[in-house]
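What follows is a single structure, written as structure tokens, with notes after it.
Chain identifiers are assigned alphabetically (A, B, ...) following the order of the sequence lines, protein sequences preceding nucleic acid strands; residue numbering begins at 1 within each chain. In this text, all values refer to a predicted model and were calculated from it rather than measured experimentally.
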Number of protein chains: 2
Amino acid sequence: MFTEERQQQMLQYVQERQRAAVSELSETFGVSEATVRRDLKELEEAGLLRRTHGGAITREAVGVEPSFLEKRDRFADEKQRIAKEAACLIEKNEIVLLDSGTTTYQLAKLLKRRSPLTIVTNSHQILQELQWAEHLELISTGGTVRRETLSLVGPLAERGLSMMKVDKLFLGTNGLHPEEGVTTPHLLEAQVKQAMIRSAKEVVLLCDHSKLNKTTFAKVCPLSAIDTLITDRGISADLLDQIKNDGTDVILA
Amino acid sequence: MFTEERQQQMLQYVQERQRAAVSELSETFGVSEATVRRDLKELEEAGLLRRTHGGAITREAVGVEPSFLEKRDRFADEKQRIAKEAACLIEKNEIVLLDSGTTTYQLAKLLKRRSPLTIVTNSHQILQELQWAEHLELISTGGTVRRETLSLVGPLAERGLSMMKVDKLFLGTNGLHPEEGVTTPHLLEAQVKQAMIRSAKEVVLLCDHSKLNKTTFAKVCPLSAIDTLITDRGISADLLDQIKNDGTDVILA
DNA sequence: TTATATATGATTATCTATGATCGTTACAAG
DNA sequence: CTTGTAACGATCATAGATAATCATATATAA
């Protein structure tokens, strides 16, 4: 995207919601905060919007809403920390496979501002998030769209996955149990996850503590298929030991 | 091609998509980047477009920028009428394959409010448009994301397509010529289009008059591979005859 | 024909846009 | 008020784009 285009869209973005944070713009447009500040400065000099500490507001909105910085998403806090740990595992130019799910989605967001990578995913949501990130080679597995999760499933997805071998898989789940392993509520998704595991040299499971010791409908794989588990500190010491004894590395975010 | 001619086409190219990179133009017109820059400089001095670092944008693109992809329609009217005709060809519960492109995108929009259908597409833009339409079974071919068109290309897409046989294919194009057939500026897209044709029982080409009698880089198929052409009334009588004689049905929107 | 003009591509030094770093400044919670 | 945190702006390095220059090929003029 050209500088002018980006600035124009940035202006539109700000106007649509009356305000925008620098960090938000940086994420949305996939450029550094330094660049966002430069852009906003130019737009302000052109009289098109107004800078504030932390972001920008439209000229009309001056005085309407002075502080907007605390609008943070606490909901995804643990997931964000897990995602951050996961991002640390990814090296430049690697080929990573991202499962669909909220935690992997957080991870995808982090990858918008990073070194060149190839990203394969069956998550339509992640594809949308990353579609303009030019440093990323983006590959969709294809498949039938499941609206509940915006993931791509079915034989097409599985067949697509069978054509590749990726460096690292980041898997999401709805249940992790020491005996039952990884489970998910939908059969088709479970099958895709299995195909993903077959296509990966290394499997990393992202799973916040709310899903630990749970089982759901469809079995994906035993715990032993997981090389690394990233979870948060809500995990019990018992379970932690059990998992480690199974030969799975555990990272606490 | 003469210099004047090339500059004229370059201007048209930029206007059609609101933007173009120097590298892109260089590739498309088969001249060096130095020449593209000289051309763009002259066009800018003539006030016909605006230079940016790395390329050029139309003057209209500066100022009001509607949601990104939608506004790059120069012949939006014709395309909508063509899309409407195309929609009439689709029957309930059919399986249709939609190519990526602005005209097929218009068609996709029309299908949001219609009878149940299965839609297969390699257009990420169409997938986004239809992702919440519950009466549609949506299938992505998969593949590598091409940002210029938000289409999915590459071996994955081709392999995915090889797994199916759809009732009707709605194909877009950048050039239709009586002798050269259907052409498109990008090799990978051409290959995907070929795979689509192989996967379809019936091929319908959507093509507004601005693309008639044009050839671009990569050959997709001869005219004879097209069962039905839908175009607008801008087509010349000569060409119309020629196409009909080739055994292709023509619908004028 | 020869001479000149024009268009083009290659080469390269320069410029621009960007991201990273770091000391400074502004804000809000004590 | 003080203080910790986050945003800021200045500065620098770098990749990529640009403009200037030159060589060449083709077209035009003499």
- prompt: More 5' along DNA chain D: Ser23(B) or Ala34(B), using each one's nearest nucleotide?
  reply: Ser23(B)
- prompt: Expressed in angstrom and rounded to an integer, what is the separation of Leu25(A) atom CG from dT18(C) atom P?
  reply: 14 Å
field: Donor/acceptor link under 3.5 angstrom from Arg37(A) side chain onto base of dG19(C)
entry: no
query: Does any donor atom in the side chain of Ser32(A) or Thr35(A) lie under 3.5 Å from an acceptor atom in the other side chain?
result: yes
- prompt: Once you round it to whole Å, what is the distance between P of dA28(C) and NE2 of His53(A)?
  reply: 8 Å
statement: To the nearest 0.5 Å, atom CD1 of Ile82(A) lies from atom OG1 of Thr104(A) at 11.5 Å
query: Does Arg6(B) place a side-chain N or O at less than 4.0 Å from the phosphate oxygens OP1/OP2 of dT8(C)?
result: yes
field: Any Thr35(B) side-chain N or O less than 4.0 Å from OP1/OP2 of dG9(C)
entry: yes
- line: Checking dT8(C), dG19(C), dC8(D) against the side chain of Arg38(B) (C-beta onward), the nearest is dT8(C)
message: Heavy atoms from C-beta onward define the side chain here; which of dT18(D), dT18(C), dG9(D) lies closest to that of Thr3(A)?
response: dT18(C)
message: Can you measure His135(A) atom NE2 to dG19(C) atom P for me and round it to whole angstrom units?
response: 10 Å
task: Whole angstrom is fine here: how far is it from CD in Glu42(B) over to C1' in dA7(C)?
output: 11 Å
- prompt: Separation of Glu4(A) atom CD from dA17(C) atom P, in whole Å?
  reply: 8 Å
- prompt: Which is true for Ser26(B) with a 4.0 Å heavy-atom rule: it touches a base, it touches only sugar-phosphate, or it touches nothing?
  reply: nothing
Value in whole Å for how far the P atom of dG16(D) lies from CD of Glu24(B): 18 Å
- line: Between CG of Leu40(B) and P of dA7(C) the distance, given in whole Å, is 16 Å
- request: Decide side-chain contact (heavy atoms from CB on, under 4.5 Å) for Leu40(B) and Leu25(B); before the verdict, give the C-alpha distance in whole Å, the side-chain angles of both, and the deciding distance to 0.1 Å.
  value: CA-CA 10 Å; Leu40(B) 290 180; Leu25(B) 291 166; 4.0 Å; yes
- prompt: In whole angstroms, how far is the P atom of dG19(C) from the CD atom of Glu27(A)?
  reply: 14 Å
- request: Report yes if a side-chain nitrogen or oxygen of Ser32(A) is closer than 4.0 Å to either non-bridging phosphate oxygen (OP1 or OP2) of dT18(C); otherwise report no.
  value: no
More than 12 heavy atoms of other groups within 6.0 Å of Glu27(B) CD: no
- prompt: What class does the angle between the rings of Tyr13(A) and Phe29(A) fall in, given that below 30° is parallel, 30 to 60° is tilted and above 60° is perpendicular?
  reply: perpendicular
